[in-house]
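All remarks here apply to the structure that follows.
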Amino acid sequence: QLLHTVRTHLGARDDAYKCIYQMEDDVGEVGVKLAKELMAVAGEGLKTNVTTLGPLVLPLSEQALFVANLLMRKVFGRKLKPYIP
């Protein structure tokens, strides 16, 4: 059973809007143009979705470990690897 859904819209940014485009070529054939920025934009959208879903689906113990690691790195300046649940 699906409990949480998230949708991220990045189309307001020019690089995201123009990375997939339907257009005609020189012969008049309609096709799809994929820009080289497509993978970067898709990765950013996926990262945003996972970041948004994290607090909704992770148990409190994992959230506490993440917050403790974040505080140690940002507030206390420790050189720790980011905690990835």
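Computation of the quantities below employed the complete heavy-atom set of this structure, encompassing side-chain atoms and omitting hydrogens, waters and symmetry-equivalent molecules. Each residue takes its place number in the sequence, starting with 1.
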Is [X] isolated, or which residues cluster with it under the ILVMFWY side-chain rule of less than 4.5 Å, directly or via members?
X: Leu10; value: Val41
X: Leu53; value: Val6, Leu56, Val57
X: Leu46; value: Val50

Can you list, pair by pair, the side-chain donor-acceptor contacts under 3.5 Å of residues 16-30, counting residues two or more places apart and other chains?
{"from": "Asp25", "atom 1": "OD1", "to": "Val27", "atom 2": "N", "distance (Å)": "3.2"}
{"from": "Asp25", "atom 1": "OD1", "to": "Gly28", "atom 2": "N", "distance (Å)": "3.0"}
{"from": "Asp25", "atom 1": "OD1", "to": "Glu29", "atom 2": "N", "distance (Å)": "2.8"}

Quick test of your reading: applying salt bridge (Lys or Arg N to Asp or Glu O under 4.0 Å), list the pairs with at least one residue in residues 30-40, sequence neighbours left out, ordered by first then second residue.
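Sorted pair list comes back empty.
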Qualifying salt bridge (Lys or Arg N to Asp or Glu O under 4.0 Å) pairs, either residue in residues 52-62, two or more places apart:
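Salt bridge (Lys or Arg N to Asp or Glu O under 4.0 Å) check on residues 52-62 returns no pairs.
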Qualifying residues under side-chain hydrogen bond (donor to acceptor under 3.5 Å, both in side chains), relative to Glu44, sequence neighbours excluded:
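For Glu44 the side-chain hydrogen bond (donor to acceptor under 3.5 Å, both in side chains) partners, ignoring immediate neighbours, are Arg13.
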Listed by chain and number, what are the side-chain hydrogen bond (donor to acceptor under 3.5 Å, both in side chains) partners of Thr8, not counting sequence neighbours?
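Testing Thr8 for side-chain hydrogen bond (donor to acceptor under 3.5 Å, both in side chains), a comparison that skips the adjacent residues, returns Asn49.
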Pro55: partners by side-chain contact (heavy atoms from CB on, under 4.5 Å), with sequence neighbours left out:
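Once residues adjacent in sequence are excluded, Pro55 has no partner under the side-chain contact (heavy atoms from CB on, under 4.5 Å) criterion.
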Treat each ILVMFWY residue as a node, draw an edge where side-chain heavy atoms are under 4.5 Å apart, and state whether Leu65 and Leu60 are in one component.
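No: no chain of side-chain contacts under 4.5 Å links Leu65 to Leu60.
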Counting only heavy atoms not in Ile84, do more than 12 fall under 6.0 Å of its CD1?
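Atom CD1 in Ile84 is not crowded, with 12 or fewer foreign heavy atoms closer than 6.0 Å.
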Enumerate, atom names and distances included, each donor-acceptor pair closer than 3.5 Å involving a side-chain atom of residues 69-81, sequence neighbours excluded.
{"from": "Asn69", "atom 1": "OD1", "to": "Arg73", "atom 2": "NE", "distance (Å)": "2.8"}
{"from": "Asn69", "atom 1": "OD1", "to": "Tyr83", "atom 2": "N", "distance (Å)": "3.2"}
{"from": "Asn69", "atom 1": "ND2", "to": "Lys81", "atom 2": "O", "distance (Å)": "3.2"}

